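A quick write-up on the structure given underneath.
In this text, all values refer to a predicted model and were calculated from it rather than measured experimentally. Within every chain, numbering begins at 1; the chains are lettered A, B, ... in the order of the sequence lines, protein sequences first and strands thereafter.
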2 protein chains.
Amino acid sequence: MVEESSRIAGPELRADARRNRGRILVAAREVFAEHGIDAPMATVARRAGVGVATLYRRFPTRDALVRAAFAQQVETCGRALTEALADPDPWRGFQRLVETVCELQREEQGFPAAFVAAFPDSAAEHAQARERAERDLMTLVRRAQAAGALRADFHPSDLAVALLAHCGLVTALPHDGAASRRLVAYLLQSFRAEAAHGALPPPSALSLGGLPLAADGSQRQRPSRA
Amino acid sequence: MVEESSRIAGPELRADARRNRGRILVAAREVFAEHGIDAPMATVARRAGVGVATLYRRFPTRDALVRAAFAQQVETCGRALTEALADPDPWRGFQRLVETVCELQREEQGFPAAFVAAFPDSAAEHAQARERAERDLMTLVRRAQAAGALRADFHPSDLAVALLAHCGLVTALPHDGAASRRLVAYLLQSFRAEAAHGALPPPSALSLGGLPLAADGSQRQRPSRA
DNA sequence: TCTTAACCGGACGGCACCGTCCGTTTGGAC
DNA sequence: GTCCAAACGGACGGTGCCGTCCGGTTAAGA
């Protein structure tokens with residue numbers, strides 16, 4: 001009932017602790033992107049150049065680490081959305097938003113997908129950030145539609161669908177930037193109001209490859225035990 | 001060097017063994033779709049109603065089991081391709097192919113994606129089936145383009161890209177058929193030569209949800225340790 | 001400089017899954 | 001009906017990751 005009198009405000013970390021925390025987050029993002037979200041904690045610790053205990057002291061559970069690592073991406077996406085809203089040309093703002101987020105996904109490879117897969121209920125945590133994002137997105141979509149650039153039957157959830165799909169693609173083909181860009185171009189074209197067939201980026205090199213159709217995957221390397 | 005003289009031809013299984021083998025494959029597809037490709041072997045065995053030893057006798061390694069389970073899907077996709085080629089209307093054939101494969105992916109949830117992720121080198125095994133599929137697909141694409149239905153700059157690899165992306169989507173939202181259908185509709189429209197904006201299926205219910213943008217995932221449930 | 005408390009990392013027990021071994025049961029041929 | 005080989009399933013040792021405990025080290029204030 002009675003708390004320690006002082007110390008209510010400051011969970012300030014010592015200089016070295018703060019530095020290590022940062023290193024761990026960077027390492028976690030890299031390792032999770034590379035070896036999947038189930039990668040051993042020890043691997044993250046080693047990559048960060050710290051001991052396992054340090055990692056567990058900073059992030060008591062694996063979930064805490066994953067969530068913290070992912071929070072940075074959420075933040076980045078939020079910024080992208082704000083920037084998109086600031087663009088005077090509504091369509092260009094929308095287009096840039098999609099391209100920016102997809103580029104981020106490309107960099108982070110499969111990590112976002114794995115995160116969403118593992119934490120379906122993570123909405124609550126980012127509640128207010130999410131609410132704001134939702135409002136901003138709605139505004140962006142409406143403006144683009146009012147300008148006659150975005151098709152009228154576009155629904156905000158379509159953006160989530162497109163991003164999830166793209167996320168899945170980069171998870172499957174983490175080294176195929178061409179495939180990613182090609183998909184983004186197709187999607188953006190199909191979102192346009194007047195369907196102008198602009199030029200597409202060059203196609204992916206995969207032959208018919210990485211397909212859940214004839215079973216190939218060309219570049220993939222994530223072991224996942226295999 | 002010297003093989004057993006007889007027994008070259010017949011690895012015939014006893015009736016009960018054959019029956020159990022079938023059960024195991026069914027159970028494996030279900031379990032892998034539900035709990036991911038790393039699900040414990042014991043779970044598969046239990047679901048199939050057999051002992052662990054039986055499972056290992058039939059499929060010595062986990063890989064062997066996964067590959068065997070996936071082979072059936074490859075076969076189904078091959079049939080879909082053949083049917084598509086048989087359709088007198090090239091575009092309708094193409095459209096049906098995409099829809100059929102995506103529906104299959106929806107049923108199998110994330111299994112194909114996980115397979116491709118885990119076995120990037122699986123192309124070799126299905127070499128001849130794949131070669132044939134590639135030839136067939138090329139024919140299908142050329143015919144549809146010649147008919148002026150499919151855009152001229154469509155590349156066969158675009159199909160693989162689209163399917164991988166869709167696969168990723170159903171992995172992330174295994175229970176959201178609306179999202180899947182919506183994506184397929186968008187993609188098909190963007191593949192059309194003359195960009196006719198037809199009606200889209202109703203949008204997904206996810207609010208802005210399962211997005212690697214504001215971090216939610218609504219329906220997802222696959223644990224993956226979480 | 002010195003003290004102290006916070007931080008560090010390696011080592012250790014616990015647990016879950018893997019894959020095999022062996023005694024028992026069952027299909028099917030004579 | 002009888003017999004045997006093949007198939008069955010439960011139990012068991014091995015391995016790798018998880019998460020905590022403890023003695024040494026270092027930042028930072030007096």
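Between C/dG27, D/dC8, C/dC17, one nucleotide has an atom nearer to the side chain of B/A15 than all others, and that is C/dG27. Proximity note for A/R57 (side chain, C-beta onward) versus D/dC17, C/dC7, D/dA7: the nearest is C/dC7. When distances run from any side-chain atom of A/N20 to the nucleotides C/dC8, C/dG27, C/dC17, the shortest one goes to C/dC8.
Contact detail for A/L55 and A/A45: the closest heavy-atom pair is CD1-N, 3.7 Å.
With sequence neighbours left out, the salt bridge (Lys or Arg N to Asp or Glu O under 4.0 Å) criterion links B/R96 to B/D87. For A/A42, the side-chain contact (heavy atoms from CB on, under 4.5 Å) criterion is met by A/R46, not counting sequence neighbours. Annotation: side-chain hydrogen bond (donor to acceptor under 3.5 Å, both in side chains) contacts of A/R58 (sequence neighbours excluded): none. Partners of B/R14 under the side-chain hydrogen bond (donor to acceptor under 3.5 Å, both in side chains) rule, at least two apart in sequence or in another chain, are B/D16. For A/A84, the side-chain contact (heavy atoms from CB on, under 4.5 Å) partners two or more places apart in sequence, or in a different chain, are A/L97, A/L140. With sequence neighbours excluded, the residues that form a side-chain contact (heavy atoms from CB on, under 4.5 Å) with B/T61 are B/D63, B/A64. Here B/R29 pairs with B/Q72, B/E108 under the side-chain hydrogen bond (donor to acceptor under 3.5 Å, both in side chains) rule; sequence neighbours left out. Every salt bridge (Lys or Arg N to Asp or Glu O under 4.0 Å) that B/R79 has, sequence neighbours left out, goes to B/E75. Partners of A/R181 by side-chain hydrogen bond (donor to acceptor under 3.5 Å, both in side chains), not counting sequence neighbours: none found.
For DNA chain C, the neighbouring residues in residues 44-55 of chain B, judged by any heavy atom under 4.0 Å, are B/A53.
Straight-line distance from the CD atom of B/E12 to the C1' atom of D/dA7: 16 Å, rounded to whole Å. Distance A/R62 CZ to C/dA16 P: 16 Å, rounded to the nearest Å. Between the CZ atom of A/R18 and the C1' atom of D/dA28 there is a distance of 15 Å, rounded to whole Å. Atom CG in A/D38 sits about 17 Å away from atom P in D/dG16, given to the nearest Å. What separates CG of B/D63 from C1' of C/dC18 is a distance of 13 Å, to the nearest Å.
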For nucleotides 1-3 of chain C, which of its nitrogen or oxygen atoms have a protein nitrogen or oxygen under 3.5 Å away, and what is each distance?
none

Quick test: give all pairs of protein nitrogen or oxygen and nucleotides 3-5 of chain D nitrogen or oxygen below 3.5 Å, distance rounded to 0.1 Å.
none

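Residues A/S180 and A/H166 bring a donor and an acceptor atom of their side chains to less than 3.5 Å of each other.
Each of B/R19 and B/M41 has a nearest nucleotide on DNA chain C; the 5'-most of these lies closest to B/M41.
Among the heavy atoms of the strands lying under 4.0 Å from B/R58 are primed sugar atoms or P, OP1, OP2 only; no base atom is included.
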